[in-house]
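FYI, the numbering just counts along the sequence from 1. Quick caveat, the model's predicted, so the values are computed rather than measured. Hydrogens, waters and symmetry mates play no part in the numbers below; they use all other heavy atoms, side chains included.
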Amino acid sequence: MTLESLIPPGNIDRTWDEHRFNVRLVNASNKRRFKIIVVGTGLAGASAAATLAELGYDVGVYTFHDSPRRAHSIAAQGGINAAKDYRNDGDSIFRLFYDTVKGGDFRAREANVYRLAQVSNEIIDQATAQGVPFAREYGGLLDNRSFGGAQVSRTFYARGQTGQQLLLGAYQAMMRQVGAGKITLNTRTEMLDVVTDETGRAIGIVVRDLLSGQVRSVNAHAVVLATGGYSNVFYLSTNAKGSNATAIWRAHKRGAAFANPCFTQIHPTCIPQSDDTQSKLTLMSESLRNDGRIWVPKQPGDFRAPDRIPEEERDYFLERRYPAFGNLVPRDVASRAAKAMIDEDRGVGPRRNGVYLDFADAIKRLGEDVIRARYGNLFQMYERITGEDPYRVPMRIYPAPHYTMGGLWVDYDLMTTVQGLYAIGEANFSDHGANRLGASALMQGLADGYFILPVTIGDYLAPMLGGQLTPVTDDAFRETEAAVQRRVASYLNAEGEHSADWYHRELGKIMWDACGMARNAPGLEHAMAEIAELHERFKAGVKVLGDGDSLNQSLEKAGRVDDFFELAQLMCRDALHREESCGGHFREEHQTPDGEALRDDDNFSYVAAWEYTGAEPVLHREELNFQHVRPTQRSYA
């Protein structure tokens, strides 16, 4: 396996424009001769499908949801970044680029990040034209608010429903093409494998109809995976319960390198776990940190109600430790600081597993009506879940697994190491390095789908003009389909005592303890042995009720958990090999005297891309070269 990033030469501010000019093009009348599969209907998938079909390609879309609008992108709350500088506070494309590279702890490609910053402004224009109801200022311009890791206001938002509104914009664009007959939409259909020919080129996928159980093959000239991230490997996360890693993991086993799997993000603003049987965690938007102040009691073991703790006995620890950014430090920094408070027995709430996010000062300064206008739906959601009114008492928050910066390795054109197989949005190893800045997930998903992939995919397709699709009767399809059938049958034939959910919960506990907010070598080595042993028990003893000829969610879950087991081992291996701390990857052996992440640029300034071999995975390195941003120790003080 050879990693060719294909980053164009030249000045970084002209690289993307020159690359767009130099890629091979497909004539408008010839685009309809090419068939493209898009798996996933979140922001990346829906925007890519809509744009590709608008250009004239024949597009097939596949989602395991009953409606494309169920995609997890709908859960994004706080906003989307762009370098419009409407606030005239010093923002620019270069500053957004710099903040993103620095926020990712200097573990991302400069060229990709700069392109993302460039395209960000086009996204806002596109979404506004679609009717996305962004908040507006008194003068009519779109409003902005601040997010962690930046000292400028560049986040566009639609109250606390930004992801939902942006997804509806992409969805309506996609459904327009469905109506026009240019997109074939397949719901309740799960991709279970990628099909490659004798040269290793992607020629289609194998899918299973979740209602009938039918397994069938679909051919195409190119395959695009837009299936999101893998935080559900931890069982408890902010992701939707259905979110999984099956599509990208099966692609990995077909030859697609998996990059930086240990780079997972812990979000600091989650509602704390309420009991041991909980099956999901709920995210509260990072935007709340604009007006909410985070604090804990100064004294350990202080169990008084918040209104009984006077101001002088409160520790606003983020404001104390990071005065320049205060409560708006990046997510990894805020999460570790909150964990430190809990570890000192200064946690709050019934389980002592939270810190306060207090709006009392903001309500006093601005008035309750202003806070209600900004965050009303978020406050309402919090009250419904906890039974506490955040207008009257502080919210309680604690870090939780959220986003994954790791994913399938892709080159500058967003193609994986498998020719003809692309990965976009959170499914690829992204532009966020070791830590994603808040409000940049929506930016990357839409940039990939609307503006980057539709340009770069033509360079791959153009030489194939006149070539025929590989028929689904070909041996490559037959063999892959048979392998999928055997795998499904193995879950149904297992006669164990525990459900897939039981095994998933046990796996999640191991992963959170050993590969969650903090990692160390003994813990990772022990976790890898534990996971391997538990996986063997799973394969021999998972209990799947029902059959394979009708809707069977326990069967679906078994396959997804099986993949999580294999991914979990690679995550631990990646975390073990990376002998440094950076972003969300915090090795306890590598920290500054004041507890901050300590990078090792001399030895680990690279993307770690793992090749699947069926035995020991093989590590490949893509060296990171910084010409426009000088890597330094991150400081937000």
Side-chain angles (χ1 to χ4, degrees), residues 76 78 81 96-110 112-113 116-117 146-151 155 229-231 234 237-238 259-270 283 286 289 318 321-322 325 327-340 399-407 425-426 428-445 515-519 571 574-575 578 580-588 590-592 595-601 604-608 624 626 629 631-637:
N81 288 330
L96 175 54
F97 156 69
Y98 173 81
D99 287 345
T100 305
V101 173
K102 176 185 175 183
D105 224 346
F106 306 96
R107 289 294 176 261
R109 285 188 200 135
E110 280 191 335
N112 285 59
V113 179
L116 179 63
S146 299
F147 258 63
Q151 290 180 300
T155 304
Y230 50 87
S231 270
F234 294 98
S237 84
T238 66
N260 299 336
C262 78
F263 284 176
T264 58
Q265 181 173 74
I266 309 300
H267 197 294
T269 319
C270 180
L283 175 70
E286 181 177 319
R289 291 198 275 152
L318 293 180
R321 294 182 59 178
Y322 313 102
F325 283 73
N327 296 295
L328 287 173
V329 291
R331 291 173 175 178
D332 61 319
V333 176
S335 293
R336 284 194 295 272
K339 180 180 183 296
H402 179 56
Y403 188 88
T404 51
M405 287 75 66
E426 197 178 354
N428 70 32
F429 83 107
S430 80
D431 305 335
H432 309 298
N435 173 60
R436 176 177 68 81
L437 292 184
S440 288
L442 307 185
M443 177 174 65
Q444 189 219 338
C515 200
M517 289 187 67
R519 300 100 185 259
M571 290 172 66
D574 188 45
R578 189 170 282 275
E580 66 166 353
S581 292
C582 55
H585 168 64
F586 190 74
R587 283 287 297 270
E588 294 174 339
H590 305 284
Q591 55 182 301
T592 64
E596 302 295 346
L598 184 60
R599 294 195 322 273
D600 181 354
D601 291 335
F604 291 97
S605 186
Y606 59 76
V607 176
L624 294 171
F626 295 94
V629 176
T632 58
Q633 176 65 32
R634 280 198 305 166
S635 173
Y636 294 94

Partner set under ring pair (Phe, Tyr, Trp, His ring centres under 6.0 Å) for Tyr403, not counting sequence neighbours: His432
Looking at residues at least two apart in the chain, or sitting in another chain, which of them share a ring pair (Phe, Tyr, Trp, His ring centres under 6.0 Å) with Phe325? Tyr636
Work out which heavy atom in [X] is nearest to a heavy atom in [Y]; give both atom names and the distance.
X      : Y      : result
Thr238 : Ala400 : CG2-CB, 4.3 Å
Ala150 : Asp99  : CB-OD2, 3.7 Å
Val113 : Ala108 : CG2-CB, 3.9 Å
Pro401 : Ser231 : C-OG, 4.0 Å
Gly584 : Asn435 : N-CB, 4.1 Å
Cys515 : Arg519 : O-NH2, 3.1 Å

[X]: partners by salt bridge (Lys or Arg N to Asp or Glu O under 4.0 Å), with sequence neighbours left out:
X      : answer
Arg336 : Asp332
Lys339 : Asp343
Glu110 : none

Quick one, [X] and [Y] - any side-chain contact, counting heavy atoms below 4.5 Å?
X      : Y      : result
Cys582 : Phe604 : no
Pro399 : His267 : no
Arg109 : Phe626 : no
Val101 : Phe106 : yes
Met571 : Tyr230 : yes
Glu580 : Leu598 : no
Asn260 : Arg578 : yes
Thr264 : Met405 : no

Pair [X] + [Y]: basic N to acidic O under 4.0 Å:
X      : Y      : answer
Glu596 : Arg321 : yes
Arg634 : Asp105 : yes
Asp601 : Arg107 : yes

Check whether any side-chain N or O of [X] sits under 3.5 Å from a backbone N or O of [Y] as a donor-acceptor pair, and report yes or no.
X      : Y      : value
Asn428 : Gly407 : no
Glu286 : Gly148 : yes
Ser581 : Phe586 : no
Thr100 : Leu96  : yes
Lys102 : Ser635 : yes
Arg289 : Val329 : yes
Gln591 : Ala597 : no

For the side chain to side chain donor-acceptor pair (under 3.5 Å) test, which of Arg436, Gln265, Glu426 pairs with Thr404? Glu426
Excluding sequence neighbours, so at least two apart, what forms side-chain contact (heavy atoms from CB on, under 4.5 Å) with Ala439? Asn81, Phe147, Thr155
Look at the aromatic rings of His585 and Phe263 and report parallel, tilted or perpendicular, splitting at 30° and 60°. tilted
